[in-house]
Amino acid sequence: MQKLAIQGGYRLNGEVQISGAKNAALPIMCASLLTADELHLSNLPDMHDVKTMVMLLQQMGVRVDSSVQAATFNAAKVDKLEAPYDMVKTMRAAILVLGPLLTRFGEARVSLPGGCAIGSRPVDLHIKGLQAMGAEIHIEHGYIHATAKRLHGAHICFDLISVTGTENLMMAAVLADGITVLENAAREPEVVDLAHCLIAMGAKIEGAGSDKITIAGVEKLHGASYAVMPDRIESGTFLVAAAATGGHITLTGARADTLDSVLDKLRETGAKIEVAGDRISLSMSGRPKAVNVRTAPYPAFPTDMQAQFMALNCIAEGSSIVIETIFENRFMHVQELQRLGASIEVEGNTAVIQGCPQLEGATVMATDLRASASLVIAGMVSQGETIVDRIYHLDRGYEHIEAKLSALGAKIRRTN
Ligand code: UD1
């Protein structure tokens with residue numbers, strides 16, 4: 001199993017190019033199932049989850065021609081309307097084929113995702129929404145089996161804000177008969193990016209980015225070319241790493257308008273931030289100040305940045321409170337940060353952190369994608385060497401992270 005060996009104590013300095021957003025690329029790739037024409041995608045990040053999604057689509061019969069950071073998808077001949085357990089268990093976003101398969105082909109069989117490291121994460125809202133659109137759904141042998149002659153429009157109000165739930169139902173609605181209204185919809189920029197791609201394919205969607213999305217179903221969609229938006233979580237991760245190490249970096253190809261809550265928190269830590277077009281610069285002198293964080297759906301502070309800010313708070317001046325409101329078990333990095341000497345107490349969904357000037361290198365284990373990123377940041381501010389084990393989590397969702405960090409001056413290498 002591969003590991004990262006990190007030598008702490010080096011500041012990040014320089015420029016780094018931000019990759020395409022994983023959480024936008026995955027649903028947009030699934031949108032290729034909605035048309036028999038070609039969908040050309042660019043700015044696709046080079047990471048495991050994207051490769052897994054390519055494999056899943058290929059298994060269904062989609063032809064994929066890929067080159068560096070780009071791919072053409074042709075779903076003219078889809079002969080297997082199924083997402084098997086092996087794929088869904090490694091990548092929950094595979095649930096995103098459910099809506100497109102059902103609405104275009106009238107049937108889909110998708111494995112239930114099952115438990116996952118950061119909580120139970122059910123898919124009941126996806127299922128209820130599709131049922132409201134006329135789907136017959138049976139859960140059998142661990143699979144969601146959905147059928148429908150043609151889905152019809154419906155008025156759906158989500159009990160809870162769900163990002164992939166909103167995306168699945170939006171994709172189902174674009175080919176449904178009539179108008180669908182999604183209320184209490186997710187407002188995440190990745191939902192908007194998917195909507196823009198669908199609109200480029202001929203879909204009629206209004207309101208994406210607000211909590212009410214209206215979709216007028218059309219008979220069919222056509223091909224399109226689309227560039228995936230920059231990854232706001234990768235952007236935030238590099239900025240936090242620079243702030244924690246007292247560095248000075250510039251992100252290129254980034255979108256500051258998707259990062260307001262994260263940039264505000266970074267300013268609170270004492271970092272100086274400048275935005276010019278697609279460039280975001282951060283400089284930090286001295287030790288960051290501790291900041292309180294409470295996760296909530298967009299545009300509030302993202303749960304996918306919680307672990308990275310926790311790492312920063314561990315070495316910050318002062319104490320802080322981190323509250324996780326989205327997932328019930330998203331503090332698994334705490335035990336690992338404690339192995340590095342961090343002072344953290346957890347009570348339910350609240351963590352209280354007392355900052356200390358420096359952590360001490362140790363061997364730690366990555367438990368999920370963003371937890372892994374927090375351990376890498378913690379390693380960079382620890383004295384001596386930190387080994388981060390099980391980095392396959394990191395490879396799922398970050399493009400060439402150690403190469404990018406090395407280019408910024410971090411001492412980090414991959415070992416077997
Ligand atoms: C997406 C992101 C993930 C991010 C999360 C929250 C992708 C591929 N992944 O995950 O990186 O951390 O949004 O911003 O975009 N829920 C239910 N029933 C459902 C669906 C969700 O109870 O049917 C609950 C979940 O357990 C969770 C909350 O709703 O507590 C939000 O989950 P959701 O927004 O659906 O997360 P994902 O879309 O899976």
Side-chain angles (χ1 to χ4, degrees), residues 3-13 236-249 262 264-273 282-295 301 303-324 330-368 370-389 391 394 405 408-412:
K3 304 171 190 201
L4 285 180
I6 303 160
Q7 202 64 42
Y10 295 87
R11 292 192 172 139
L12 294 191
N13 265 300
T237 302
F238 279 109
L239 292 175
V240 172
T245 60
H248 179 174
I249 68 165
V262 171
D264 284 350
K265 280 290 157 198
L266 283 165
R267 286 189 186 100
E268 263 185 59
T269 69
K272 285 209 168 42
I273 293 177
L282 176 145
S283 64
M284 172 68 98
S285 50
R287 207 172 143 196
K289 291 192 201 67
V291 285
N292 295 335
V293 163
R294 184 179 190 276
T295 66
F301 187 89
T303 174
D304 286 350
M305 285 301 303
Q306 179 256 106
Q308 300 89 317
F309 268 81
M310 175 105 69
L312 177 139
N313 277 335
C314 290
I315 53 93
E317 215 178 305
S319 58
S320 55
I321 296 175
V322 172
I323 304 176
E324 172 59 53
R330 209 174 194 180
F331 279 151
M332 279 161 323
H333 42 287
V334 167
Q335 281 186 4
E336 304 304 306
L337 291 169
Q338 285 167 336
R339 288 182 51 73
L340 299 172
S343 166
I344 309 171
E345 276 179 42
V346 174
E347 180 73 48
N349 70 344
T350 304
V352 179
I353 303 126
Q354 304 293 339
C356 59
Q358 199 174 35
L359 300 175
E360 286 173 11
T363 298
V364 289
M365 204 163 70
T367 47
D368 74 59
R370 308 304 170 185
S372 321
S374 82
L375 297 177
V376 171
I377 294 171
M380 291 193 289
V381 291
S382 294
Q383 194 185 20
E385 189 175 65
T386 296
I387 306 286
V388 183
D389 202 348
I391 53 162
L394 203 61
L405 287 172
L408 291 171
K411 297 286 171 262
I412 179 168

Chemist: Going by the rule side-chain hydrogen bond (donor to acceptor under 3.5 Å, both in side chains), which residues pair with K265 if we only count those two or more places apart in sequence or in a different chain?
Modeler: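 Testing K265 for side-chain hydrogen bond (donor to acceptor under 3.5 Å, both in side chains), a comparison that skips the adjacent residues, returns E268.
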Chemist: Using only atom types and a distance under 3.5 Å, with no angle test, would you say the side chain of N313 pairs donor to acceptor with the backbone of S319?
Modeler: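 Not a single qualifying donor-acceptor pair exists.
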Chemist: Which heavy-atom pair separates T350 from I321 by the least distance, and what is that distance?
Modeler: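 Nearest heavy atoms, T350 then I321: CG2-CG2, 3.6 Å.
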Chemist: Salt bridge (Lys or Arg N to Asp or Glu O under 4.0 Å) with R294: which residues, sequence neighbours excluded?
Modeler: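 In terms of salt bridge (Lys or Arg N to Asp or Glu O under 4.0 Å), with neighbours along the sequence ignored, R294 is linked to no residue.
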Chemist: Going by the rule side-chain contact (heavy atoms from CB on, under 4.5 Å), which residues pair with K272 if we only count those two or more places apart in sequence or in a different chain?
Modeler: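 Checked K272 against side-chain contact (heavy atoms from CB on, under 4.5 Å); matches are S283.
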Chemist: Applying side-chain contact (heavy atoms from CB on, under 4.5 Å), can you list everything that pairs with S343, at least two apart in sequence or on another chain?
Modeler: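 Here the qualifying residues are Q354.
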Chemist: How long is the gap from OG1 on T245 to CG on L12, to the nearest 0.5 Å?
Modeler: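 So the OG1 of T245 and the CG of L12 are separated by 4.0 Å.
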Chemist: Under a 3.5 Å distance rule, please check whether Q335 uses its side chain to pair with a backbone N or O of F331 as donor and acceptor.
Modeler: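 Absent.
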Chemist: On a heavy-atom basis, which atom in G236 and which in V262 lie closest, and how many Å separate them?
Modeler: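 Smallest interatomic distance, heavy atoms only, reads CA-CG1, 4.3 Å.
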Chemist: Before giving the answer on side chain to side chain contact (heavy atoms under 4.5 Å, CB included), spell out for L4 and L394 the whole-Å C-alpha distance, their side-chain angles and the decisive distance to 0.1 Å.
Modeler: CA-CA 10 Å; L4 285 180; L394 203 61; 3.6 Å; yes
Chemist: Show the nearest heavy-atom pair for residues L337 and S374, with the distance to one decimal.
Modeler: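 That would be CD2-O, 4.4 Å.
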Chemist: Tell me if a side-chain donor or acceptor on R339 pairs with a main-chain N or O of T363 at a distance below 3.5 Å.
Modeler: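 Pair found, side chain donor or acceptor close to backbone of T363.
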Chemist: Apply side-chain contact (heavy atoms from CB on, under 4.5 Å) to R11 and list each qualifying residue two or more places apart in sequence or on a separate chain.
Modeler: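 Only N13 meet the side-chain contact (heavy atoms from CB on, under 4.5 Å) criterion with R11.
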Chemist: T237 and A373: which non-hydrogen atoms are nearest, and at how many Å?
Modeler: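 Of all heavy-atom pairs spanning T237 and A373, the closest is CG2-CB, 4.0 Å.
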Chemist: Please collect all salt bridge (Lys or Arg N to Asp or Glu O under 4.0 Å) contacts where either partner lies in residues 343-358, sequence neighbours excluded, each pair once.
Modeler: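 Every candidate salt bridge (Lys or Arg N to Asp or Glu O under 4.0 Å) pair involving residues 343-358 fails, so no pair, neighbours aside, qualifies.
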Chemist: The criterion is ring pair (Phe, Tyr, Trp, His ring centres under 6.0 Å); which residues satisfy it with F301, sequence neighbours excluded?
Modeler: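 Result, ring pair (Phe, Tyr, Trp, His ring centres under 6.0 Å) vs F301: F309.
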Chemist: To the nearest 0.5 angstrom, please state how far the CD atom of Q308 sits from the CG atom of L239.
Modeler: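 Between atom CD of Q308 and atom CG of L239 there are 11.0 Å.
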Chemist: Please list, chain by chain and in numerical order, all residues satisfying salt bridge (Lys or Arg N to Asp or Glu O under 4.0 Å) with E360, sequence neighbours excluded.
Modeler: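 Once residues adjacent in sequence are excluded, E360 has no partner under the salt bridge (Lys or Arg N to Asp or Glu O under 4.0 Å) criterion.
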Chemist: Which atoms form the tightest heavy-atom contact between A244 and I377, and what is the distance?
Modeler: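 What the structure gives for the nearest pair is CB-CG2, 3.9 Å.
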Chemist: Might you point out which heavy atoms bring L359 and G341 nearest each other, and give the distance in Å?
Modeler: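 That closest heavy-atom pairing would be CD2-C, 4.0 Å.
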Chemist: Between CZ of R287 and SG of C356, what distance do you get to the nearest 0.5 Å?
Modeler: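 Between atom CZ of R287 and atom SG of C356 there are 7.0 Å.
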Chemist: If we only count heavy atoms from C-beta on, is the C314 to I353 side-chain gap below 4.5 Å?
Modeler: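 Yes, close enough: below the 4.5 Å cut-off.
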Chemist: Report yes if the side chains of P288 and I315 come closer than 4.5 Å at any heavy-atom pair, otherwise no.
Modeler: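 With C-beta onward as the side chain, the pair touches.
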Chemist: What residues, two or more places apart in sequence or in another chain, satisfy side-chain contact (heavy atoms from CB on, under 4.5 Å) together with A243?
Modeler: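 Expected list: L266, L282, M284, L312.
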Chemist: Hey, which of Q306, R370, Q338 is the one that makes side-chain hydrogen bond (donor to acceptor under 3.5 Å, both in side chains) with H333?
Modeler: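 Checked Q306, R370, Q338 against H333; only one passes side-chain hydrogen bond (donor to acceptor under 3.5 Å, both in side chains): Q306.
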Chemist: Taking only residues two or more places apart in sequence, or in another chain, which ones meet D389 in a side-chain hydrogen bond (donor to acceptor under 3.5 Å, both in side chains)?
Modeler: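 Testing D389 for side-chain hydrogen bond (donor to acceptor under 3.5 Å, both in side chains), a comparison that skips the adjacent residues, returns none.
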Chemist: Please tabulate, for side-chain N and O atoms in residues 380-387, each donor-acceptor pair with protein atoms closer than 3.5 Å (sequence neighbours left out).
Modeler:
from, atom 1, to, atom 2, distance (Å)
S382, OG, A378, O, 2.7

Chemist: Sequence neighbours excluded, which residues qualify as side-chain hydrogen bond (donor to acceptor under 3.5 Å, both in side chains) partners of T303?
Modeler: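 Expected list: E324, R330.
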